[in-house]
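First the structure, in the form of structure tokens, and then the observations on it.
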There are 2 protein chains.
Amino acid sequence: MSEAISNLSRKEQVIRKAAELFKEKGYAAASMRDLAHLLGIEAASLYSHIKSKEEILRSLCFDMAAEFQKSLAEVESKDVTASEKLRNGIIGHIQVMAKDLTASAVFMNEHRHLSQPYLRDFLLMRINYINRFKSIIEQGVKSGEFKDSIDKKLAVMTLFSSLNWMPMWYDPGSAIDPLQLGFQLADMLVNGLKKNA
Amino acid sequence: MSEAISNLSRKEQVIRKAAELFKEKGYAAASMRDLAHLLGIEAASLYSHIKSKEEILRSLCFDMAAEFQKSLAEVESKDVTASEKLRNGIIGHIQVMAKDLTASAVFMNEHRHLSQPYLRDFLLMRINYINRFKSIIEQGVKSGEFKDSIDKKLAVMTLFSSLNWMPMWYDPGSAIDPLQLGFQLADMLVNGLKKNA
DNA sequence: AATTTCAAGTAACGACTGTTAGTTATATAT
DNA sequence: ATATATAACTAACAGTCGTTACTTGAAATT
């Protein structure tokens with residue numbers, strides 16, 4: 001038992017350091033020797049803790065994916081207006097990312113280096129997630145809350161682009177905290193920059 | 001003379017094919033042997049046309065950067081309202097990307113693999129470009145066109161995220177053409193999703 | 001005190017990396 | 001016909017890649 005806990009703990013250290021490295025240099029350009037050096041050990045020693053380089057990437061990508069799914073499921077379960085749902089979805093997504101900005105960056109930028117069949121599974125989960133946001137937008141159009149002139153694919157892709165780049169520029173030490181960021185981002189996408197006349 | 005033209009032409013072919021490969025696999029994961037294979041030649045033969053792998057990346061990144069700068073300079077030269085300027089900037093940016101979606105994707109995702117001092121130069125140009133968009137937003141706030149409640153950094157980063165991910169999902173064969181896409185995107189960011197009551 | 005577990009080490013493998021040196025066949029220009 | 005330029009070739013380099021096999025010292029458990 002204690003072996004498993006302690007092993008997991010060290011394995012977690014390896015994975016977290018790997019996330020930093022993958023975020024900084026990209027998965028393909030990050031070598032196992034780089035990672036080992038950051039941890040102060042030899043490259044071969046990494047394999048006492050992990051099965052392969054890709055196992056690290058898989059763990060990072062799929063753990064984040066599970067968090068996103070969980071957050072969205074909770075948002076969907078509440079019976080509120082589409083604007084409210086969209087707003088909650090945006091805030092939830094941002095808060096999941098804020099809990100681990102490094103893993104979020106890897107999730108977003110490096111998932112393409114997953115091999116099959118993991119890549120396929122990952123992309124299916126992602127499409128599913130996006131489509132559920134798209135449904136919320138469609139509900140909003142149907143209920144008359146949102147303009148019917150907007151292209152739904154464009155709207156949802158714009159939304160995701162904005163969300164997914166956040167880990168690249170957001171400074172967790174900055175004045176604005178993740179929750180406030182979520183509020184503002186939701187407001188900006190729903191109401192736009194323009195002052196309501 | 002004719003040597004230069006013909007050489008340039010073949011060099012261009014190599015660079016364009018490299019852009020496709022870099023977009024698909026990422027710069028680091030794309031090998032010169034992959035590229036050569038796509039062109040039906042041997043890896044060593046590439047070096048008749050280009051100096052190095054990174055020269056290709058440099059040429060892709062800096063050529064795109066020049067196009068973006070040119071587009072923004074023209075937008076800035078016109079004396080119009082801030083909303084109009086922002087709108088024109090967005091449309092211009094999208095049209096530059098649409099002219100070469102592949103190079104745009106490389107520009108956005110792979111520039112970090114530039115070595116110094118090119119990386120530094122690239123990032124400085126990019127900061128400058130972003131700050132000029134930020135100025136337009138600030139003008140809009142000052143003139144009362146835009147809300148003064150918005151965080152300007154958040155606004156400009158959201159804008160850029162939306163713009164920069166477009167090459168990843170936009171299908172040039174789709175119903176909506178780049179100009180319409182620019183119109184809609186500008187409208188969405190300025191006016192939001194919500195119907196004006 | 002003996003045994004097991006953990007986290008590291010050394011050495012090495014086969015494959016792949018970007019790149020070079022030098023050569024050759026083909027098309028164009030003189 | 002001769003010279004030149006283009007675009008390809010073969011062979012090979014020094015280095016790096018992820019990973020395996022096996023070993024070792026220290027800590028925890030029995």
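In what follows, chains carry the letters A, B, and so on, assigned in the order in which the sequence lines appear, proteins first and then strands, with residues in each chain numbered from 1.
- The CG atom of B:L57 sits 13 Å away from the P atom of C:dG18 (whole-angstrom rounding).
- Along DNA chain D, the nucleotide nearest B:A43 and the nucleotide nearest A:A44 are compared for position; the residue whose nucleotide lies closer to the 5' end is B:A43.
- Within 4.0 Å (heavy atoms only), A:S31 reaches sugar-phosphate atoms of the nucleic acid but no base atom.
- A:L35 places its CG atom 12 Å from the P atom of C:dA8, with the value rounded to the nearest Å.
- Atom CD of A:E42 and atom C1' of C:dA12 are 13 Å apart (whole Å).
- For the pair B:E55 CD and C:dT20 P, the computed distance is 12 Å after rounding to whole Å.
- Taking only side-chain atoms of A:I41, from C-beta outward, the nucleotide of C:dT19, D:dA8, C:dA8 with the closest atom is C:dA8.
- B:L46 has its CG atom 10 Å from the P atom of C:dG18, to the nearest Å.
- Rounded to whole Å, atom C1' of D:dT20 lies 13 Å from atom CD1 of A:I50.
- When heavy atoms are screened at a 4.0 angstrom cut-off, A:A29 is found touching no nucleic acid atom at all.
- The separation between A:R33 atom CZ and D:dT20 atom C1' is 12 Å, rounded to whole Å.
- Remark: B:K53 is positioned above the aromatic ring of B:Y27, its terminal NZ or CZ atom under 6.0 angstrom from the ring centre and at most 45 degrees off the axis.
- Picking from C:dT20, C:dA7, C:dG9 the nucleotide with the shortest atom distance to the side chain of A:R10 gives C:dA7.
- B:S135 contributes a side-chain N or O that, together with a main-chain N or O of B:N131, makes up a donor-acceptor pair within less than 3.5 Å.
- A:E145 places a side-chain N or O within 3.5 Å of a backbone atom of A:S83 that can act as its donor or acceptor partner.
- Among the nucleotides C:dG18, D:dG18, C:dT19, the one closest to any side-chain atom of A:M32 is D:dG18.
- The CD atom of A:E12 sits 17 Å away from the C1' atom of C:dA7 (whole-angstrom rounding).
- Between A:H93 and A:Y129, the ring-plane angle classifies as tilted under the 30° and 60° cut-offs.
- Remark: A:K152 is not positioned above the aromatic ring of A:F146, lacking an NZ or CZ atom under 6.0 angstrom from the ring centre and at most 45 degrees off the axis.
- Contact of A:S48 with C:dA8 (side chain to base): a donor-acceptor pair of N or O atoms is detected under 3.5 Å.
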